[in-house]
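Presented below is the structure to which this report refers.
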Amino acid sequence: MKLRPLPRSFFSRDPRRVAHELLGKLLIRNRGKRVLAGRIVEAEAYLGESDPAAHAASGMTERNRVLFGPPGHAYVYFIYGQYFCLNVSCQPEGEAGCVLFRALEPIAGLKEMVRARGLRASDGEASRKKLTTGPSRLCQAMGITRARDNGKDLTSPRSGLWIADDGFRRRRITRTPRVGIKKAERLRYVIEGNVFVSGR
DNA sequence: TTATAGATTGCCT
DNA sequence: GGCAATCTATAAT
């Protein structure tokens with residue numbers, strides 16, 4: 001399997017375009033000799049300061065500064081007192097915008113993911129499906145935290161967290177409203193029929 | 001199968 | 001002080 005990192009130019013575009021084209025790509029975590037990988041099956045676009053639901057809505061703060069930096073970098077935020085969510089910055093430097101990773105299909109490092117999620121190998125299919133289905137679940141499975149990963153360059157394998165094209169060609173893509181957002185724009189992108197897409 | 005409550009921190013008004 | 005781009009367990013149907 002040949003893995004090619006996505007170039008920075010891929011992310012220097014409108015988040016809607018990036019979210020759509022990210023489906024089917026791989027999110028890869030290298031931890032020492034171990035490799036964790038999942039295929040992106042669900043993502044949401046968040047626009048810049050014009051998007052009231054985006055963290056960038058009211059300008060740059062200490063928390064969201066990555067969103068205004070160069071494209072292709074990890075924006076990890078802490079939510080509900082106990083969870084993390086992973087985004088990748090989009091648009092040229094100076095302009096905000098990002099894509100939220102909402103669900104992966106586990107590809108490599110399943111045993112590690114099971115352990116990181118606090119499950120047991122014997123837990124069965126129902127819980128196996130919940131391994132990386134949901135923005136905070138996938139962060140748990142891949143060991144993504146704000147302290148460790150916020151600001152990392154996702155276009156470089158050397159950062160230990162990166163995005164690759166392995167030649168996979170996704171099938172049909174559906175658009176729906178974003179999860180937990182009142183304004184009902186269809187900025188959520190999912191691979192149609194994929195079992196690992198999150199609920200709602 | 002769906003509905004609801006509770007967890008628990010830090011960001012922003 | 002209010003509440004969030006969530007998840008889990010438990011209860012009700």
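Letters go in sequence order (proteins before strands), and every chain restarts at 1.
Taking the side chain of A/Gln82 as heavy atoms from C-beta on, and the options B/dA7, B/dC11, C/dT6, the nearest nucleotide is B/dA7. Distances were taken from every side-chain heavy atom of A/Arg137 (C-beta onward) to each of C/dT6, C/dC7, B/dG10; the shortest belongs to C/dC7. The side chain of A/Tyr46 lies closest to C/dA5, out of C/dA5, C/dC7, B/dC11.
Residue A/Tyr83 contributes atom OH, which lies 14 Å from atom C1' of C/dA5 at whole-angstrom precision. Nucleotide C/dC7 holds its P atom 11 Å from the NZ atom of A/Lys130, rounded to whole Å. Note: CZ (A/Arg65) to C1' (B/dC12) measures 16 Å, nearest angstrom. A/Ile79 places its CD1 atom 5 Å from the P atom of C/dA5, with the value rounded to the nearest Å. When rounded to the nearest whole Å, the span between OH of A/Tyr80 and C1' of B/dG10 equals 14 Å. For the pair A/Tyr77 OH and B/dT9 P, the computed distance is 18 Å after rounding to whole Å. Spacing between atom CZ of A/Phe78 and atom C1' of B/dT9 amounts to 5 Å, rounded to whole angstrom units. Atom pair A/Glu49:CD and B/dC12:P shows a separation of 13 Å (rounding to whole Å applied).
Nucleic acid contact for A/Glu44: none, since no nucleic acid atom lies under 4.0 Å from a heavy atom of the residue.
By the 6.0 Å contact criterion, CZ on A/Arg148 is enclosed, its count of non-hydrogen atoms from other residues, nucleotides or ligands being greater than 12.
A sub-4.0 Å separation between OP1 or OP2 of B/dC12 and a side-chain N or O of A/Ser58 is absent. At C/dA5, none of the side-chain N or O atoms of A/Arg188 fall inside 4.0 Å of OP1 or OP2 (strictly under the cut-off).
Between A/Glu42 and A/Arg188, at least one side-chain nitrogen of the basic residue sits less than 4.0 Å from a carboxylate oxygen of the acidic one, meeting the salt-bridge criterion. We find that A/Asp149 and A/Lys152 are joined by a salt bridge, their nearest charged nitrogen and carboxylate oxygen being less than 4.0 Å apart. Using a 4.0 Å cut-off between charged side-chain N and carboxylate O, A/Glu44 and A/Arg178 make no salt bridge.
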remark   = Annotated structure of DNA chain B as dot-bracket, pair cut-off 3.5 Å, Watson-Crick or G-U only, | for inter-strand, is |||||||.||||.
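Contact check for A/Tyr75 versus A/Ser89: no side-chain heavy atoms found under the 4.5 Å cut-off. Within the 4.5 Å cutoff, side-chain heavy atoms of A/Arg137 are placed close to those of A/Arg117.
In terms of modelled atom types and a separation under 3.5 Å, the side chain of A/Arg146 and the main chain of A/Phe84 share no donor-acceptor contact.
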